[in-house]
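Structure, as structure tokens:
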Amino acid sequence: MALKKSNKLPQAATLKQILKRCSSLGKKHDYHDDDEGLPMDVPKGHFAVYVGENRTRYIVPISFLTHTEFQCLLRRAEEEFGFDHVMGITIPCEELVFRSLTSMLR
């Protein structure tokens with residue numbers, strides 16, 4: 001009987017890396033002065049994403065990172081746009097789809 005390797009550690013590391021990239025937005029005048037570098041309107045435990053053709057900004061809880069469906073969106077975002085953005089992560093899907101998905105995750 002072969003033992004199955006747990007892939008929880010790599011997934012946790014990947015999520016940490018995504019979160020770090022989400023929150024490394026640089027410091028500007030509308031940003032916190034502490035080490036977080038997050039915009040002042042992003043509450044602790046959340047991060048900003050941009051969705052749809054118009055790049056509408058949404059503030060989502062970090063807890064979404066544990067959901068498989070949201071992780072799928074982030075993988076698509078990384079493949080299509082990468083995570084090295086000044087503004088934040090751009091999610092490649094329609095706003096209606098994004099809102100529907102996130103309403104189910106809450």
Side-chain angles (χ1 to χ4, degrees):
M1 180 193 278
L3 292 176
K4 208 176 193 181
K5 278 188 175 180
S6 172
N7 60 356
K8 286 185 180 180
L9 221 60
Q11 182 179 12
T14 300
L15 293 176
K16 277 186 177 181
Q17 187 177 33
I18 289 170
L19 184 57
K20 186 176 180 181
R21 289 175 181 166
C22 290
S23 62
S24 61
L25 300 173
K27 299 192 182 252
K28 294 185 180 173
H29 67 288
D30 287 341
Y31 288 63
H32 291 289
D33 289 332
D34 58 13
D35 291 333
E36 293 176 21
L38 293 174
M40 293 175 109
D41 65 338
V42 177
K44 190 171 185 128
H46 293 74
F47 62 99
V49 295
Y50 298 85
V51 180
E53 280 185 32
N54 296 325
R55 303 292 191 255
T56 304
R57 185 173 187 247
Y58 291 88
I59 307 297
V60 296
I62 290 172
S63 63
F64 281 10
L65 294 173
T66 62
H67 294 280
T68 305
E69 298 85 356
F70 197 79
Q71 291 173 14
C72 181
L73 283 179
L74 290 175
R75 279 192 290 280
R76 286 184 50 207
E78 183 178 31
E79 289 170 7
E80 192 164 329
F81 304 113
F83 285 138
D84 197 17
H85 295 263
V86 174
M87 285 181 47
I89 293 178
T90 301
I91 304 289
C93 75
E94 295 177 18
E95 284 185 67
L96 183 60
V97 173
F98 181 80
R99 286 195 308 261
S100 176
L101 171 69
T102 56
S103 70
M104 292 186 312
L105 299 178
R106 293 188 189 268

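Every heavy atom of this structure was used, including side-chain atoms; hydrogens, water molecules and symmetry mates were not. Computed from a predicted model, the values in this text were never measured in an experiment.
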Quick one: side chains of residues 91-100, donor-acceptor pairs under 3.5 Å with protein atoms, not counting sequence neighbours, listed by atom name and distance.
{"unit_1": "Glu95", "atom_1": "OE1", "unit_2": "Thr56", "atom_2": "OG1", "d": "3.1"}
{"unit_1": "Glu95", "atom_1": "OE1", "unit_2": "Tyr58", "atom_2": "OH", "d": "2.8"}
{"unit_1": "Glu95", "atom_1": "OE2", "unit_2": "Thr56", "atom_2": "OG1", "d": "2.9"}
{"unit_1": "Arg99", "atom_1": "NH1", "unit_2": "Tyr58", "atom_2": "OH", "d": "3.2"}

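Looking only at distances, a side-chain donor or acceptor of His46 sits under 3.5 Å from a matching main-chain atom of Lys44.
Evaluation of the ring-ring contact (aromatic ring centres under 6.0 Å, His included) rule for Tyr50 yields no partner, not counting sequence neighbours.
Between Leu65 and Gln71, the shortest heavy-atom contact is O-NE2, 2.7 Å. Residues Ile59 and Pro43 come closest through the heavy atom pair CG2-CD, 3.8 Å.
Side-chain atoms of Arg57 and Val42, non-hydrogen and from C-beta on, do get closer than 4.5 Å to each other.
How far CZ of Phe64 is from CG of Leu101: 7.5 Å, rounded to the nearest 0.5 Å. For the atom pair CZ of Phe81 and CD1 of Ile89, the computed distance is 11.5 Å after rounding to the nearest 0.5 Å.
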